[in-house]
J.: 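My structure is below; once you've seen it, I'll send some questions.
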Amino acid sequence: MTEGTTTTAAEGSDTLTRLEQEGEIAADYLEGLLDIADLDGDIDMDVEADRAAVSILSESARDLQKLVGRDGEVLEALQELTRLAVHRETGDRSRLMLDIAGFRAKKREVLAALGAKAADEVKSSGEPVKLEPMTPFERKVVHDAVAAAGLRSASEGEEPQRFVVVLPA
């Protein structure tokens with residue numbers, strides 16, 4: 001093994017350890033929040049796509065809907081608060097993703113289908129397609145789906161009205 005390979009492996013291990021630490025800090029923070037709100041939920045931690053991913057699950061997803069809110073607004077706010085809690089402990093900015101009651105997982109499936117459909121439309125018409133304004137998470141999922149379909153996309157506009165444009169090849 002060469003020195004470059006050893007360094008890369010060590011960096012990967014350091015990154016994984018750091019992301020696992022972020023997940024643990026986030027889980028502790030969220031457990032406290034669930035206790036305060038008197039809600040039951042199990043916390044699952046993982047590392048996905050170079051991000052810590054934390055999910056709150058419950059047999060009664062209805063209880064957790066309060067933490068998701070309308071169109072995920074409360075979920076977005078809780079994610080930001082959780083990222084701040086991680087930042088306070090580590091001193092580093094976190095890109096942690098939070099999912100509650102499978103909301104983001106379901107949303108990811110719908111958005112991936114939307115991106116694929118828009119890509120098909122652009123392929124057949126040859127004209128760009130502008131989508132509705134989306135959150136950064138939503139735009140990322142659509143960009144990935146468009147790239148998987150072999151096309152390009154770009155984000156345009158200013159927050160909170162930033163949207164994806166799917167472009168011809």
Side-chain angles (χ1 to χ4, degrees), residues 5-34 37 39 41-58 61 64-116 118-119 131-149 151-160 162-166:
T5 306
T6 304
T7 302
T8 303
E11 288 172 359
S13 176
D14 289 348
T15 300
L16 181 61
T17 301
R18 181 180 52 80
L19 293 174
E20 288 171 344
Q21 178 190 18
E22 282 186 22
E24 289 173 16
I25 294 167
D28 289 345
Y29 176 78
L30 292 165
E31 282 177 10
L33 182 109
L34 289 173
L39 294 171
D42 296 321
I43 298 180
D44 183 42
M45 298 177 292
D46 200 1
V47 174
E48 299 172 2
D50 293 332
R51 287 181 176 208
V54 178
S55 299
I56 302 175
L57 306 166
S58 176
L64 295 179
Q65 284 307 115
K66 297 170 191 170
L67 298 179
V68 173
R70 189 184 62 164
D71 295 327
E73 290 174 341
V74 176
L75 170 59
E76 290 290 334
L78 288 173
Q79 177 174 276
E80 286 307 310
L81 289 171
T82 304
R83 286 177 175 177
L84 287 171
V86 171
H87 179 15
R88 185 186 66 226
E89 292 290 320
T90 65
D92 295 325
R93 182 177 174 273
S94 174
R95 295 176 54 233
L96 175 131
M97 289 297 292
L98 175 62
D99 191 7
I100 299 174
F103 178 82
R104 278 199 202 274
K106 291 174 202 148
K107 187 86 166 176
R108 186 176 280 122
E109 289 176 18
V110 170
L111 290 167
L114 174 67
L131 301 176
E132 295 295 315
M134 299 177 187
T135 66
F137 162 75
E138 294 168 335
R139 290 194 309 270
K140 170 77 169 104
V141 173
V142 172
H143 286 306
D144 290 347
V146 169
L151 292 181
R152 317 178 279 122
S153 58
S155 291
E156 295 183 3
E158 298 293 322
E159 294 293 352
R162 201 153 165 79
F163 59 92
V164 174
V165 178
V166 181

J.: Any side-chain heavy atom of S55 within less than 4.5 Å of one from M97?
T.: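 Heavy-atom side-chain distance check fails, nothing below 4.5 Å.
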J.: Looking only at heavy atoms, what is the nearest atom pair of A101 and K106, with distance?
T.: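 Minimum heavy-atom contact is O-NZ, 3.5 Å.
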J.: Roughly how far, to the nearest 0.5 Å, is NZ of K107 from CG of L75?
T.: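 So the gap between those two atoms works out to 10.5 Å.
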J.: Less than 4.5 Å apart, side chain to side chain, heavy atoms only: is that true for E31 and I43?
T.: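 Yes. Closest side-chain heavy atoms under 4.5 Å.
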J.: What's the spacing between I100 CD1 and L64 CG if we round to 0.5 Å?
T.: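 Taking CD1 in I100 and CG in L64, the distance rounds to 7.0 Å.
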J.: Heavy-atom distance under 4.5 Å between the side chains of L96 and R51, does that happen here?
T.: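 A side-chain contact under 4.5 Å is absent here.
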J.: Could you list all the salt bridge (charged side-chain N to carboxylate O under 4.0 Å, His left out) pairs where at least one residue sits in residues 65-88, not counting sequence neighbours?
T.: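 Of all non-adjacent pairs touching residues 65-88, those that pass salt bridge (charged side-chain N to carboxylate O under 4.0 Å, His left out) are R70-E73, E76-R104, E80-R83.
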J.: Among all residues two or more places apart in sequence or in another chain, which pass the salt bridge (Lys or Arg N to Asp or Glu O under 4.0 Å) test with E159?
T.: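 Testing E159 for salt bridge (Lys or Arg N to Asp or Glu O under 4.0 Å), a comparison that skips the adjacent residues, returns R139.
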J.: How would you list, by chain and number, every residue that makes a salt bridge (Lys or Arg N to Asp or Glu O under 4.0 Å) with R162, sequence neighbours excluded?
T.: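 Partners of R162 by the salt bridge (Lys or Arg N to Asp or Glu O under 4.0 Å) criterion come out as none, since no residue qualifies.
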J.: Flag the pair V146 / V142 as yes when at least one side-chain heavy-atom distance between them is below 4.5 Å, and no otherwise.
T.: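 Contact flag for V146/V142 side chains = yes.
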J.: Suppose we screen for side-chain hydrogen bond (donor to acceptor under 3.5 Å, both in side chains). Which residues come up paired with T135, at least two apart in sequence or across chains?
T.: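 By the side-chain hydrogen bond (donor to acceptor under 3.5 Å, both in side chains) rule, T135 matches E138.
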J.: Tell me the closest heavy-atom pair linking H143 and A154, and the distance in Å.
T.: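 Scanning both residues, the minimum pair turns out to be CE1-C, 3.6 Å.
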J.: Over all heavy atoms of both residues, which pair between A145 and A112 is shortest? Give the atoms and the distance, please.
T.: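 Residues A145 and A112, closest heavy atoms: CB-O, 3.5 Å.
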J.: Restricting to non-hydrogen atoms, name the atom on L131 and the atom on F163 that form the minimum distance, rounded to 0.1 Å.
T.: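 That closest heavy-atom pairing would be O-CB, 3.2 Å.
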J.: Are Y29 and L81 side-chain neighbours, meaning at least one heavy-atom pair lies under 4.5 Å?
T.: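 Yes; the side chains approach each other to less than 4.5 Å.
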J.: Hey, does L30 have a side-chain heavy atom less than 4.5 Å from the side chain of I56?
T.: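 Yes, side chains in contact.
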J.: Side chains of residues 20-27: which donor-acceptor partners sit under 3.5 Å, not counting sequence neighbours?
T.:
| unit_1 | atom_1 | unit_2 | atom_2 | d |
| --- | --- | --- | --- | --- |
| E22 | OE1 | S94 | OG | 2.9 |
| E22 | OE2 | R18 | NH1 | 3.1 |

J.: Quick one, D99 with L57, criterion side chain to side chain contact (heavy atoms under 4.5 Å, CB included). Give me CA distance, side-chain angles, the key distance, then yes/no.
T.: CA-CA 9 Å; D99 191 7; L57 306 166; over 6 Å; no
J.: Does L78 reach the side chain of L33, with side-chain heavy atoms less than 4.5 Å apart?
T.: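 Side chain of L78 against side chain of L33, heavy atoms only: contact under 4.5 Å found.
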J.: Between V54 and T82, is any pair of side-chain heavy atoms under 4.5 Å apart?
T.: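 Side-chain contact under 4.5 Å: no.
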J.: So, using side-chain hydrogen bond (donor to acceptor under 3.5 Å, both in side chains) as the criterion, who are the partners of D144 when residues are at least two apart?
T.: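 Checked D144 against side-chain hydrogen bond (donor to acceptor under 3.5 Å, both in side chains); matches are K140.
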